[in-house]
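Report on the structure given below.
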Amino acid sequence: MASHARWKLARDEKVAQGIAEDPEVERRREEISLAFDLGQAVYDRRTALGISQTELARRAGMTQPQVSKLELGGTVPTVPLLARLARAMEAMFRMELFESSARVTFADLDGTTPAEAGTERASATGAEADAGSGRTAATG
C-alpha cells in the first residue's frame, strides 16, 4: 500500500512534468483540504478551552459523533453551523481565502487566538497543504 507521502510525491512529479491534474480532482482536493482545516480549527479551539466533544456538542446543539466527524475533516459545515460552533466556543470565526489557500481560526472574542501556533495554518492544494500538518486524534 502506498503512503500519503508517496501519492503526494507522485502528484508533484506529474506537475513537474507538465501533466495537469483533472480539474474535478483538483476541486475535490481543495474541498477535502478545507474540511480538514475547518475540523482542525474546531479541534484546536475545543482543546484550548479544555472541553470535551460531548460538551461542545451539547453547547452547539449537535451530537458527539457529529463533532467527531467534523473534527476529523469528514464534513464541511454549513455557515449556520459554524455560527453555532463559534457561539458554543465563545469565539469569533475567521476564514481568510486567498488563491487556492484558506486560513481558518476560532479566535477569542477580543481577537486573540489561544495556542496560536497550531490554529492558523495556511492550506492549499500542493505542498503547503501537507507540510506541517501535526493533526492529532479528535477524540474526547
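Residue numbers count from 1 along this sequence. Just so you know, these numbers use all the heavy atoms, side chains as well, and skip hydrogens, waters and symmetry mates.
- T75 meets the side-chain hydrogen bond (donor to acceptor under 3.5 Å, both in side chains) test with no other residue; sequence neighbours excluded.
- By the side-chain contact (heavy atoms from CB on, under 4.5 Å) test, E55 is found to be paired with I51, S52, R58, R59, residues two or more places apart in sequence or in another chain being considered.
- Sorted by first and then second residue, the ring pair (Phe, Tyr, Trp, His ring centres under 6.0 Å) pairs involving residues 72-96 (not counting sequence neighbours) are F93-F106.
- Between atom NZ of residue K69 and atom CD of residue Q53 there is a gap of 13.5 Å, rounded to the nearest 0.5 Å.
- Once rounded to the nearest 0.5 Å, the distance linking CD1 of I32 with CG of D37 reads 12.0 Å.
- For E31, the salt bridge (Lys or Arg N to Asp or Glu O under 4.0 Å) criterion is met by R27, R28, not counting sequence neighbours.
- Heavy atoms only, all atoms of each residue included: M95 and L97 are closest at CE-CD2, 3.5 Å.
- Checking side-chain atoms of R46 against main-chain N and O of L56 turns up no donor-acceptor pair under 3.5 Å.
- By the rule that hydrophobic residues join a cluster once side-chain heavy atoms approach within less than 4.5 Å of another member, L38 and V79 end up as members of separate clusters.
- A ring pair (Phe, Tyr, Trp, His ring centres under 6.0 Å) check over residues 44-64, counting only residues at least two apart or in different chains, returns nothing.
- Shown here are the side-chain contact (heavy atoms from CB on, under 4.5 Å) partners of A57, two or more places apart in sequence or in another chain: M62, V67.
- The two residues M89 and R45 make their nearest non-hydrogen contact at O-NH2, 2.9 Å.
- Taken to the nearest 0.5 Å, the CG atom of L70 stands 11.0 Å off from the CD atom of Q40.
- When atom types are taken as modelled, the side chain of R94 and the backbone of T105 share no donor-acceptor pair closer than 3.5 angstrom.
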